[in-house]
K.L.:
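Got a structure here, written out as structure tokens. Questions coming.
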Amino acid sequence: AEQLALATKDLAAVSTDDFRIRLNGNMEFLEEIPSLLAHGAEGIGLYRTEFMFLDRKTAPTEEEHYRAYRQVLEAMGGRPVTIRTLDLGGDKVPGKTKHEKEPNPAMGLRAIRYCLSNRELFRTQLRALLRASVHGNLRLMFPLICGVSELREARSELEACRTELGRAGVPVGKRFPVGIMVETPSAAMIADRLAQEADFFSVGTNDLIQYSLAIDRQNREVAYLYRPLHLSVLRMLETIVSAAKAANIPVSMCGEMAGDPLYTLVLLAMGFDELSMTSGQIPAVKGFIRRVGRAEAKELLREAMELTTAEEIERFMRTEMDRRF
Ligand code: PEP
Ligand code: MG
């Protein structure tokens, strides 16, 4: 596997009929950057910044945020770095007492909701991001967006921070793309409207599948129902991609579905511009993309979506994969 990584590191992920997909890396800690680069990550597609909050009692200072973001941006040397604002909430809340635990954390005060209710914490991160943006190619992304109001509020908080820093004479650099995670059925259904106000989409299938199939992603009892090839998931993905294409904004996927070769043909067919995954998954996904044509993948997807159950669609895709590779 390491040899494959080295051999394909500098090759592009391009289909036999020349459809180019950018392969990025998902990261949680700065220590992962060398491995991502060694496996050929062309950028960072998802930096889960909430990991900075875990295993400590107090929230990181603006300076700590700034240093981490600057380090990633510099290490990636001008390649795009997609930093997601805090996806805290549920069980990942610093200093929350047992007493305040939510009965239904996945549907509770998490991610962008948590940030919009804890403005000082949100602003601390936004200021650090604005300051760090002068050191590389930053893209900012908000998690768990359900509606356009949340995106507007988050954006206006960002602009307020920009103005405040500007007045204080702190360098904040040029404007950078501001996108959203599409990871709720709500966002998928209004993707056309969100695409008017977001600079890019990144599909978070871990949550999108959890919320659309009503399956707690942590609950082993229902894990067997967690099916990325469920027709409802595929239809939603198509809706999201076509809304992005119609508005001419890039669309990426950073959920775990992006890193499993079983789904590569489907994602290639749909027209994702970028896929983001852990470092070890990059070489295999790239290998599949380089050995197939997009026209052929589209034909397979069309046939697959005429089937009905997740089991049928999975069986079909597995058979077609085995025939080819
Ligand atoms: C997702 O939901 O697919 C995602 C990438 O975000 P996380 O796994 O951090 O919730
Ligand atoms: Mg998510």
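By convention here, the first residue in the shown sequence is residue 1. Just so you know, ligand 1 is whichever comes first in the structure, and atom 1 is the first atom listed for that ligand. Side-chain atoms are counted along with the backbone in the values below, which use heavy atoms only and exclude waters and symmetry mates.
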K.L.:
Calculate, to the nearest 0.5 Å, the distance between atoms CG and CD1 belonging to Leu109 and Ile112 respectively.
P.N.:
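It is 11.0 Å, given to the nearest 0.5 Å.
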K.L.:
Is it possible for you to say whether Phe325 and Leu275 belong to one hydrophobic cluster, with membership spreading through side-chain heavy-atom contacts below 4.5 Å?
P.N.:
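Linked, Phe325 and Leu275 end up in one cluster.
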K.L.:
Ignoring hydrogens, just give me the one of Arg217, Glu256, Met253 whose non-hydrogen atom is nearest atom 8 (O) of ligand 1.
P.N.:
Arg217
K.L.:
Out of curiosity, does Tyr226 fall in the hydrophobic cluster containing Tyr211 (side-chain heavy atoms, cut-off under 4.5 Å, transitive links)?
P.N.:
no
K.L.:
Following the transitive rule for hydrophobic clusters with a side-chain heavy-atom cut-off under 4.5 Å over Ile, Leu, Val, Met, Phe, Trp and Tyr, establish whether Leu88 and Leu46 coincide in one cluster.
P.N.:
no
K.L.:
Which residue supplies the protein heavy atom nearest to atom 3 (O) of ligand 1, what is that atom called, and how far is it?
P.N.:
Asn206 N, 2.7 Å
K.L.:
Quickly, which of Lys245, Arg20, Arg22 forms a salt bridge (Lys or Arg N to Asp or Glu O under 4.0 Å) with Asp273? Name it, please.
P.N.:
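Only match with Asp273 under salt bridge (Lys or Arg N to Asp or Glu O under 4.0 Å): Lys245.
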K.L.:
Taking distance alone, with no angle check, do Glu50 and ligand 1 share an N/O pair under 3.5 Å?
P.N.:
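The answer is no, given that Glu50 and ligand 1 share no N or O pair closer than 3.5 Å.
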K.L.:
Angle at the Mg ion (ligand 2), OE1 of Glu183 to OD2 of Asp207, rounded to 10 degrees, please.
P.N.:
100°
K.L.:
Classify the ring geometry of His65 against Phe53: parallel below 30°, tilted from 30° to 60°, perpendicular beyond 60°.
P.N.:
tilted
K.L.:
Can you pull out the closest protein heavy atom to atom 6 (O) of ligand 1? Residue, atom name and distance to 0.1 Å, please.
P.N.:
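Answer for atom 6 (O) of ligand 1: Arg84 NH1, 3.0 Å.
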K.L.:
Taking both backbone and side chain into account, is any N, O or S atom of Asp87 nearer than 2.8 Å to the Mg ion (ligand 2)?
P.N.:
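Not a single backbone or side-chain N, O or S atom of Asp87 is under 2.8 Å from the Mg ion (ligand 2).
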K.L.:
Give yes or no for whether the N/O distance cutoff of 3.5 Å, strictly under, is met between Arg48 and ligand 1.
P.N.:
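Among all N and O atoms of Arg48, at least one is under 3.5 Å from an N or O of ligand 1.
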